[in-house]
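Letters A, B, ... mirror the listed sequences (proteins, then strands); counts begin at 1. The structure displayed is predicted, hence computed values, not measured ones.
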Number of protein chains: 2
Amino acid sequence: MMFKNLEEIKNFLRRKGLQPSFQRVKILEFLDIHRTHPTADEIFKSLVRTVPTISKATVYNTLRSFVEKGIIQELTIEENELRYDINTQPHAHFKCRVCGKIYDLPLEDCESLLLKGTGFRVEKIDVYLKGICPICAKKGKIN
Amino acid sequence: MMFKNLEEIKNFLRRKGLQPSFQRVKILEFLDIHRTHPTADEIFKSLVRTVPTISKATVYNTLRSFVEKGIIQELTIEENELRYDINTQPHAHFKCRVCGKIYDLPLEDCESLLLKGTGFRVEKIDVYLKGICPICAKKGKIN
DNA sequence: GTATCTGCAAAACATTTGCAATTCT
DNA sequence: AGAATTGCAAATGTTTTGCAGATAC
């Protein structure tokens with residue numbers, strides 16, 4: 001866990017330029033506690049039990065603002081659902097097609113991709129890089 | 001290009017267990033010629049000009065059946081759209097945030113991930129592995 | 001008091017499905 | 001003929017948006 005208490009979450013959000021509303025604090029707390037890469041709907045369904053007035057739109061909008069601020073990252077590991085990860089450090093994700101669990105794995109070196117000796121049976125690899133291509137970089141459109 | 005003519009595409013589809021309907025042949029031909037990782041909508045919009053009767057549902061369903069047969073692969077590089085790639089060999093994809101182009105890159109070794117000396121500026125890395133985790137493998141539920 | 005944020009409902013999309021008509025073998 | 005495929009329209013599911021009311025600074 002990244003945060004010790006709600007006050008830490010509030011200060012964190014303030015530092016990121018976001019008002020620490022009750023809903024935002026609870027969503028971020030949820031992501032800090034449940035590091036299972038949940039979907040927006042899973043977050044909503046879980047939070048609505050303790051925060052009955054929360055709406056789905058707020059969950060979606062909040063998650064988007066967290067992504068924009070670099071607080072969390074979106075995972076597109078499955079085509080029909082977005083998942084969210086409070087760990088924004090580069091690391092790989094392994095989804096088991098039997099139990100459905102998504103594991104975090106180190107990305108240090110090539111060996112980790114092949115997962116020699118770890119018992120993970122890799123059937124499919126997707127590597128998506130984003131940034132600026134050599135042509136656009138040379139055109140100096142950006143820095 | 002993988003195919004020399006339409007006859008080759010037809011035979012290929014037959015070998016994969018799919019009837020070589022005109023629509024399927026044209027969709028596969030399009031993916032073979034336009035290796036730009038198009039979306040279903042881009043394929044539809046382009047094909048409907050020469051095949052006016054083609055429907056979007058057919059494009060979607062055909063792409064799905066191609067994926068199931070292992071003829072093409074789905075890319076979830078962007079959250080709001082599925083893209084398709086006729087190259088099913090494992091390789092990385094680099095999307096430029098300026099021009100939007102998606103490049104194919106080799107995945108051989110770690111160096112390619114960091115793209116030293118290639119001029120690609122990597123700002124974000126997503127590595128998604130799918131398969132069977134050690135727990136499910138040990139339970140012997142599958143082989 | 002003014003900005004920002006929330007909840008609701010509706011809208012916007014992409015994708016899937018049911019089914020009758022068509023096409024292939 | 002019989003099986004598979006298509007096109008249409010409707011359904012589905014996820015995410016976004018408009019706006020009035022509520023909340024925070």
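Shown here, D:dG7 forms a base pair with C:dC19; the pair counts as Watson-Crick or G-U wobble because both key distances fall under 3.5 Å. Using Watson-Crick or G-U wobble geometry with both donor-acceptor distances under 3.5 Å, D:dT23 finds no partner in any strand shown.
B:Val127 has its side chain within reach of A:Leu107: a pair of non-hydrogen atoms, C-beta onward, lies under 4.5 Å apart. Between B:Cys99 and A:Ile135 there is no side-chain heavy-atom pair separated by less than 4.5 Å. Looking at A:Phe94 and A:Asp104, their side chains never come closer than 4.5 Å, going by heavy atoms from C-beta outward.
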What does nucleotides 6-14 of chain C look like as a protein-contact string, B for base, S for sugar-phosphate only, - for none, at under 4.0 angstrom between heavy atoms? SBBB----S
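Applying the 90° cutoff around 0 to the glycosidic angle, D:dA3 is assigned anti.
When all heavy atoms are compared, the tightest approach of B:Gly131 to A:Glu123 is CA-OE1, 3.6 Å. Closest approach of A:Ala137 to A:Ile132, counting heavy atoms only: N-CG2, 3.7 Å.
Under the 6.0 Å cut-off for aromatic ring centres, A:Phe120 and A:Tyr103 qualify, their centroids lying closer than that.
The existence of a salt bridge linking B:Lys124 and B:Asp126 is confirmed by a sub-4.0 Å separation between a basic side-chain nitrogen and an acidic carboxylate oxygen. Under a 4.0 Å N-O distance rule, the pair B:Lys26/B:Glu29 qualifies as a salt bridge.
Between the CD atom of B:Glu42 and the C1' atom of C:dT15 there is a distance of 16 Å, rounded to whole Å.
Taking 4.0 Å as the cutoff to heavy atoms of chain A, we find the contact window on DNA chain D bounded by D:dT14 to D:dC25.
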